[in-house]
Participant: 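If you scroll down you'll find the structure; I have some questions about it.
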Amino acid sequence: MRNAEAPERIPFWRNVKTIGILAQVVFAALVLIGIAILWTNVTSALSRSNLPADFGFLDSRAGIPIAERPIPYSPDDPYWRALVIGVLNTLKVSLVGVVLASVLGVGIGVSRLSANWLLRQIATWYVEILRNTPLAVQIIFWYTAVLATLPPTITAPLRLPGGVYLSNRGLAFPFAYPGFGFRAWLPWLIAALVAYVVVMAVQRRRIARADRPGRAWPWAVAAAVALAGVGYYAASFASDPPETLAVDLNVERGRGITFRDLDADGSRDRDEPAVGFVPVTVRVEEGVLEARSQNLVEQRRVKPSTLRFPILEEGEYASAELRFVNEADAERYEVHWIDEPTTGRLYVDRNGNGAWDAGEEVGEDGVGFRNVRTQLVVTGFERRVVSDRDGQVRIPGFEPVDAAEEEAAAGGAGFGPASLFTAPGGADGDDEAAGPALETSTVIGSSGPLVWSTPTVPVSNYAGGFSFTPSYLALLLALVIYTSSFIAEIVRGGIQAVPKGQTEAAKALGLSSGQTFGLIVFPQAVRIILPPMISQYLNLTKNSSLGPLAAYGEIFAISTIVANQTGASVPVTLLIIVSYLAISFAFAFVLNIVNARMAIVER
Amino acid sequence: MEMIPDRLPPARERGAPAWLRRNLFHGPVNSVVSLLVGFVLLSAVSSLVRWTLTGAAWAPIWSNMKLLAVYRYPADLLWRPVVALGVILLLLGLGAGLSKRAGKGVIVGGVFWWFTGATFVITALAIAFWPSVRLPWAIASGMALAGYGAGLRVPALVRIQAWSWAVGLPVVLILLYGLGGEGPMEVVRTTEWGGFLLTLVLAGVGIAVSFPLGILLALGRRSDLPAIKWFCIGVIELVRGAPLITWLFIASLMVPLLLDVSPDSIPALARALVAITLFSSAYMAENVRGGLQSVPSGQGEAARALGLSGWQTTRLIVLPQALRAVIPAIVGQAIGLFKDTSLVFIVGLFDFFEIGRKVIPSQPDSLQYAGGVLLEVSLFMAAVYWFFSYRMSMASRQLEKELGVGER
């Protein structure tokens, strides 16, 4: 028993408090000394190697081409803008990925508990296989092995219903953009938003006063939609194209620009601003597309003697006729259309049956016919294209028929029959400007406040619509599938953690199995699922840093390029860490608010 | 009141038809799902099998096995990594035999036989096709069996089990790196290491070093002293905030600067290990913290009441219970690290993944194939990574069940 009157004084070197403070002082001193040593090392190394140690380099020209840019960007922009694009790309892939991974993960997780044995087994093996394979391997699988080879090259993409294209250039689908009539609609949209808020408040009060169950949002949404719809109708009357709007199109190069033609001379001058999202109907009365036969590698197969012209959809042209530039070729080869008039295959009709047979597309030596020049004479080409954000318009590059014939004659010099193709009074081929012009017309169409832009394939890449690059698709696919296998396990665990009595009680009350799951089990499981799910969301976001494997320009990929170009390792290091901490923190902050609202209120 | 006459119990359905009805054709919806899924699965599997057997180009992988396994490790010294593997199998086999003898060896034994089985298969392949490594592989297989047999026969070995690992792991590293001089033990610099050997070294060293570091960080995080506590929290959260690939990149840039030496004087392997260990320690710390929190505070209090010092309480009472509870999580982390080693291409190392991704597809022989061979290579790599990860994750789940984690 301790003597309460005369407590024995503990010597200070044995006092726990003193020891604690001492230990902390020593520890802090050690840490500070360590940091100081490293700091002097870094500064001396930097001064010796003459590398930039501050953020001054951020304002100089980046010169980094980035395929995936959510905001306007060109290689002439400074480094900081390239880095901002990186952050936006990271957000773009991780936000979409989080949503898709949740949907897929919940589906797989529920399937793991299905009564159907087959479904259960498939879901189990899905999880076991994908969870235990590195994400890096999965990314290169989707990117290099599948997306880059499976769908055919750009002029023969898979055409999905609804104007959707899928090819090794990515996925393109129709999209509505705000056109020049959007400004007339804007007041109506604001009015609709106000109406939503007002009706919501009024309805809430009414429901509260009536003290009966009811929903406020249907009325509010109906009011907002009605107002916006009326506004759209009204605004579409007032949205004829402005007088000064013009398009400057070079049909032979297949590119043009929509702009505000201030001096009304028809061509774009330096100070005339480009206007985006303008619908233009281009009509070419008669023109020629050129193609040479190639041995293409597609879907991991060699496709010999293939002819590829830009895609012409049904109804876009009146007639399309193929001819050979050299007369000798015309006598030797036949064309077997795979997809008239876009994709065909040259063959030599050796057995003379007038049709292509397997093996006839290669010569006796087994090699395809390469570099055979052909032309497609197209009449009555008409296409509605919508210029992109920067006002750029793209169509297939047509050549005038006569000039093409002139060229054909030159190409076939020495052959008598070729001279037959020379057009009477044909211009000399040296001066293109003086040559026969294409008979073309461009009309700027009127549209509602929103311009419906469908993707087209003018030459080698998509124009119009909205497209995802193969890099983005591959990274997204890999992240979603990989993360969904982890989410599926969380979901399964969460559902199994709901006490069995809950299900039994719901069944006893007469709920169907669908109702039992949707109304009783799942809402309770969500509360168990959410916290581990949040950490999976953060993992997905951090895993998006594997973007370089799919050539996707997210923050890490761009930072490494910046560091390699400038040598500014210390500033870039800091920027990377700060970016990821900020993104993780923002994600965690939002998700934790959601979690707090969903969590079980402990009584 | 009328009595219902007695009836026989409903006949228990048995046999294949009953099983099918119960599991696949239980109601119309279920039947449709079964048929649909079955059809899709069957066509997918059949086309995959057809492609694997006839369409796929496996020759580049088969002819590059040495590259995939060890990269540029000298061909005449190949016996060293193989025998090093034998040492590890010997130690594993010892553990498996001992725990089998003690009657609880399902988990360790399962892992051991899974890996030993793979070794047997490779030994058979070596005997058939690779004459230069025949003997080493046979020795490795023999060492695995010897370890298992010794563990099964001599239970007294349980006392030296921990020490055998302490001796065995340095032996493994010496075998891989060499002792110096000319001849059989000449030094093989780490720039020559690569392939699956490097993947295993990175994962093994990463876990082994980050384990004690992680425990220290976790204890520091729970410390009463604010300076230590906040330092540990700062380190853990900072490291966990950014992905591993960025730490690898940062390490490759910053380690030479931090030590103020020329970039060439620090091998890429060292930089990769710094990043991997740092990263793994932070995650390990969080796992261990979970274990520490699961130990009831009464345990520590009781230990202090018995007169144990703070250090003794931690070492003898709290940590053993905490670590026991988080073994599954640590195994899970080891799997994660094993998969994450595929990112070391960022520091310029040629691990298993990088050889499959960069080296093999760019060889002239591989370029002969239309569309390249990356599809085959990525499937092969996926299968190899899966083989190891899957067995470990199975073990982790069995452990979880055995320890009763999640049932409290």
Side-chain angles (χ1 to χ4, degrees), chain A residues 20-21 23-25 27-28 31 38 40-42 44-46 48-49 114-120 122 128-129 131-138 140-141 144-146 149 297-302 493 542-546 548-549 556 559-560 563 569-570 572-573 576-577 579-581 584-585, chain B residues 19 22-24 26 30 33-34 37-38 41 55 224-228 231 238 240-246 249-250 253-254 256-261 335 338-343 345-346 353 356-357 361 369-372 374-379 381-383 385-386 388-390 392-393 406:
Chain A
I21 291 169
Q24 289 188 64
V25 169
F27 180 77
V31 169
L38 295 180
T40 46
N41 280 350
V42 170
S44 83
L46 282 179
R48 205 148 29 81
S49 58
S114 158
N116 189 313
W117 178 84
L118 198 57
L119 204 58
R120 210 163 57 221
I122 290 177
E128 289 301 345
I129 290 172
R131 215 165 54 144
N132 290 316
T133 331
L135 178 61
V137 175
Q138 294 188 26
I140 63 155
F141 175 77
T144 337
V146 175
T149 54
V297 175
E298 271 175 8
Q299 295 172 285
R300 294 167 59 85
R301 283 200 192 91
V302 181
K542 285 186 254 171
N543 281 338
S544 72
S545 59
L546 268 61
L549 285 173
F556 175 68
S559 302
T560 52
S569 19
V570 180
V572 171
T573 297
I576 295 177
I577 296 177
S579 312
Y580 274 108
L581 285 182
S584 298
F585 182 76
Chain B
W19 185 90
R22 201 166 50 243
N23 287 300
L24 291 178
H26 190 81
N30 221 328
V33 168
S34 292
V37 171
L41 191 69
D224 296 328
L225 309 176
I228 295 173
F231 175 79
L238 179 72
R240 274 160 38 97
L244 174 62
I245 195 169
T246 64
F249 179 70
I250 290 168
L253 287 182
M254 293 294 290
L257 289 179
L258 286 171
L259 300 180
D260 194 12
V261 291
I335 300 167
F338 173 68
K339 292 189 290 170
D340 281 347
T341 55
S342 53
L343 303 181
F345 68 89
I346 241 37
F353 174 73
R357 182 180 79 106
Y369 297 94
L374 245 170
L375 185 56
E376 287 87 350
V377 172
S378 61
L379 283 175
M381 290 195 294
Y385 277 113
W386 179 84
F388 288 90
S389 310
Y390 174 65
M392 297 299 282
S393 76

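Hydrogens, waters and symmetry mates are skipped; everything else that's a heavy atom, side chains included, is used. So you know, we letter chains A, B, ... as the sequences are listed, proteins then strands, and number each from 1.
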Participant: Between B:Leu258 and chain A, which part of the residue has a heavy atom less than 4.5 Å away: side chain, backbone, both or neither?
Facilitator: both

Participant: What is the distance from atom CG of B:Leu257 to atom CG of A:Asn41, rounded to the nearest 0.5 Å?
Facilitator: 9.5 Å

Participant: Closest approach of B:Ser378 and A:Ile140, non-hydrogen atoms and distance?
Facilitator: CB-CD1, 4.1 Å

Participant: Based on non-hydrogen pairs under 4.5 Å, which of B:Asp340, B:Asp224, B:Leu253, B:Ile335 is most in contact with chain A?
Facilitator: B:Leu253

Participant: What's the separation between atom OG1 in A:Thr144 and atom CG in A:Leu549, rounded to the nearest 0.5 Å?
Facilitator: 8.5 Å

Participant: Relative to chain A, which segment of B:Ser393 carries a heavy atom at a distance below 4.5 Å: side chain, backbone, both, or neither?
Facilitator: side chain

Participant: Heavy-atom distances under 4.5 Å only: say whether A:Thr560 touches chain B with side chain, backbone, both or neither.
Facilitator: both

Participant: CG of B:Leu343 to CZ of B:Phe353: how many Å apart, nearest 0.5 Å?
Facilitator: 7.5 Å

Participant: Sort B:Pro226 into side chain, backbone, both or neither according to what part of it lies under 4.5 angstrom from a heavy atom of chain A.
Facilitator: both

Participant: Compare every heavy atom of A:Thr133 with every heavy atom of A:Gln138, then report the nearest pair and how far apart it is.
Facilitator: NE2-O, 3.5 Å

Participant: Going by the rule side-chain contact (heavy atoms from CB on, under 4.5 Å), which residues pair with A:Ile21 if we only count those two or more places apart in sequence or in a different chain?
Facilitator: A:Val25

Participant: For A:Ala563 versus B:Phe249, what's the shortest heavy-atom pair and its separation?
Facilitator: CB-CZ, 3.8 Å

Participant: Counting only non-hydrogen atoms closer than 4.5 Å, does A:Arg48 touch chain B with its backbone (N, CA, C, O), its side chain (CB onward), both, or neither?
Facilitator: side chain

Participant: Just so I understand: if I count every heavy-atom pair under 4.5 Å between each of B:Met381, B:Glu376, B:Met392 and chain A, which residue has the most?
Facilitator: B:Glu376

Participant: Are the side chain of B:Lys339 and the backbone N or O of A:Arg131 linked by a donor-acceptor pair below 3.5 Å?
Facilitator: yes

Participant: Could you look at B:Tyr390 and say if it's the side chain, the backbone, both or neither that has a heavy atom under 4.5 Å from chain A?
Facilitator: both

Participant: Using heavy-atom distances under 4.5 Å, tell me whether A:Phe27 contacts chain B through its side chain, its backbone, both, or neither.
Facilitator: side chain

Participant: Tell me which of these, A:Val572, A:Leu546, A:Leu119, has more heavy-atom pairs under 4.5 Å with chain B than the rest.
Facilitator: A:Leu546

Participant: Heavy-atom pairs under 4.5 Å with chain A are the metric here; pick the option from B:Leu375, B:Leu374, B:Asp260 that has the most.
Facilitator: B:Asp260

Participant: Under 4.5 Å, counting heavy-atom pairs only, tell me which of B:Leu41, B:Val261, B:Asn30 racks up the most with chain A.
Facilitator: B:Asn30

Participant: Between B:Gly241 and A:Ser584, which heavy-atom pair has the shortest distance, and what is it?
Facilitator: O-OG, 3.3 Å

Participant: In terms of heavy-atom proximity below 4.5 Å to chain A, should B:Leu238 be classed as side chain, backbone, both, or neither?
Facilitator: both

Participant: Counting only heavy atoms closer than 4.5 Å, note whether B:Phe231 contacts chain A via side chain, backbone, both or neither.
Facilitator: side chain

Participant: So what's closer than 4.5 Å to chain B heavy atoms on A:Leu135: side chain, backbone, both or neither?
Facilitator: neither

Participant: In Å and rounded to the nearest 0.5 Å, what is the CD1 to OG distance from B:Ile346 to A:Ser545?
Facilitator: 9.0 Å

Participant: Does any non-hydrogen side-chain atom of A:Ile577 lie less than 4.5 Å from one of B:Ile250?
Facilitator: yes

Participant: Can you see which heavy atom on A:Gly20 is nearest to which on B:Leu225, and at what distance?
Facilitator: CA-CD2, 3.7 Å

Participant: Specify which of A:Ile576, A:Ile129, A:Val570 makes the most heavy-atom pairs with chain B at under 4.5 Å.
Facilitator: A:Ile129

Participant: In terms of heavy-atom proximity below 4.5 Å to chain A, should B:Ile245 be classed as side chain, backbone, both, or neither?
Facilitator: both

Participant: Quick check on the interface: out of A:Ala136, A:Ser559, A:Pro548, A:Ala23, who has the most heavy-atom pairs with chain B under 4.5 Å?
Facilitator: A:Ala136

Participant: Looking at A:Glu128 and B:Trp386, what are the two nearest heavy atoms and their distance?
Facilitator: O-NE1, 3.1 Å

Participant: For B:Tyr369, which atoms come within 4.5 Å of any heavy atom of chain A: side chain, backbone, both, or neither?
Facilitator: neither

Participant: Under a 4.5 Å heavy-atom cutoff, which of A:Phe556, A:Phe585, A:Phe141 has the most pairs with chain B?
Facilitator: A:Phe556

Participant: Counting only heavy atoms closer than 4.5 Å, note whether A:Leu118 contacts chain B via side chain, backbone, both or neither.
Facilitator: both

